[in-house]
Amino acid sequence: MGRKFFGTDGIRGRVGVHPITADFVLKLGWAAGKVFSEQAQGRKLIVMGKDTRVSGYMFESALQAGLIAGGVDVALLGPMPTPAIAYLTRTFRAQAGIVISASHNPYYDNGIKFFGGDGFKLPDEVELAIEQYLQNDIVTEESSKLGKAHRVPDAVGRYIEFCKGTLPAGSNLQGLKLVVDCANGATYHTAPSVFRELGAEVVEMAVNPDGFNINENCGSTKPALLQEAVTSQGADMGIAFDGDGDRVLFVDHKGHMVDGDELLFVIAKHRHQQGECSGVAGTLMSNFGMEISLKELGIPFFRAKVGDRYVIEAMRERKWQLGGESSGHIICSDLTTTGDAVVAALQVLYAMRETDTSLNDLKKGMKKFPQKMINVRIKQNFKLENFPRIQEAVAEAEQTLGDRGRVLLRPSGTEPLVRVMVEGEDAKLVDELVTRVAEVVTQEVG
């Protein structure tokens, strides 16, 4: 049986549109509860957290009811970053962790994603088992077997201490002035405290969530106001998180954006200098310039499919400890099990302090190739082999670029989009080619 509801990062969509509805999420909680109950030995516990969007209240209640009906206890964490839930799932020795979040999407979207008891994304067979239960009617356990729910009052403090502890003993951020943009999302009450308690001067941005302003003109997807603030405040840098705290981008002291590929390179180079970088896993979207720069340092590089779960799979297969995506998902598997924006940010800051070098200078070690992507909204399923005109347009673009560039068409795993990306040394040529290919895609499937 194939997946019907689970995508590359859980289940996500528009609130009120199936499957992101209260009745479906109630049943999802029950189905997950049944699956994890069957796997449990001893106490049956699932931890659950959410980001700050208004629909989180509704889905938290629905999931809680479904899990309890399935005979599972629930530890409610409240608004917490996604990686915090992965961490607390492990520390509480829970069967699983559930996150209610649509990450960088607008407030009117939401989603449900899961972590296993080991803090990693669920394996395929567990997702399929949950989908199998979703085909059945809910059967509530008898009263003596119902689960219970309790809130975890110290969840925020636990996660803050964990993040601080990922730096070597004695490390601090004293003397640094940081502008921290929390996207009015799940890091609003954790990230500023982490940096401040390590000694940095922190200027807070987008830390007043109201349920509707998550990711609105702020955060890692809309960094313009952060760039202005860094230069006007005379800060050493800016740090931008997304709505659920698993992505991070930086702004250097000159107001220039530093993306996930550049941050990954900075961490990898620093670790390599310390003899601690066996290899780096990226994705099909990783900048070609990062691949070249890493190889020049003698650091192996591998491209996985897009999605942090595939990056983590590639890392685990190769026993590498570092991987990430240009969007700012960065995984340091020696420190945690999933992409953690705060932990990754600390690794970048640590590299700066240890080398006594500005971020602007550190990123210069990587020659970044111009890369442009256009999202084409589609009305039907997309497979390149079914569209000869699109294949022809791609082939022509590839021939023009030669071996100093590439073309990639990738359907989104969470939205009805095809991402058209072109990369090469000549920015003007890249712009012309991506526009040309995107126009053909629009004509064929838009």
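All residue numbers refer to positions in the sequence shown, counting from 1.
- A salt bridge between Glu204 and Arg196 is present, with a side-chain N of the basic residue lying under 4.0 Å from a carboxylate O of the acidic one.
- Evaluation of the salt bridge (charged side-chain N to carboxylate O under 4.0 Å, His left out) test over residues 277-298, restricted to residues two or more places apart or in two chains, returns Glu291-Lys295, Glu291-Arg303.
- The closest side-chain heavy-atom distance from Ile20 to Asp109 is not below 4.5 Å.
- By the ring pair (Phe, Tyr, Trp, His ring centres under 6.0 Å) test, Tyr87 is found to be paired with Phe162, residues two or more places apart in sequence or in another chain being considered.
- Remark: side-chain polar atoms of Ser37 are not paired, donor with acceptor, to backbone N or O of Lys44 under 3.5 angstrom.
- Note on ring orientation: taking the six-membered ring where Trp is involved, the planes of Phe114 and Phe36 are tilted (angle from 30° to 60°).
- Side-chain contact check for Thr336 versus Arg90: some heavy-atom pair is nearer than 4.5 Å.
- Using a 4.5 Å cut-off on side-chain heavy atoms (C-beta onward), Asp261 and Leu263 make no contact.
- The shortest distance between side-chain heavy atoms of Phe195 and Leu346 falls below 4.5 Å.
- For the pair Asp51 and Arg53, the salt-bridge criterion is met [side-chain N within less than 4.0 Å of a carboxylate O].
- No side-chain heavy atom of Phe250 sits less than 4.5 Å from a side-chain heavy atom of Glu262.
- In summary, Glu161 and Lys164 engage in a salt bridge, as defined by a charged side-chain N under 4.0 Å from a carboxylate O.
- Looking at heavy atoms from C-beta onward, Glu317 lies out of side-chain contact with Phe302 at the 4.5 angstrom threshold.
- We find that Asp124 and Arg309 are joined by a salt bridge, their nearest charged nitrogen and carboxylate oxygen being less than 4.0 Å apart.
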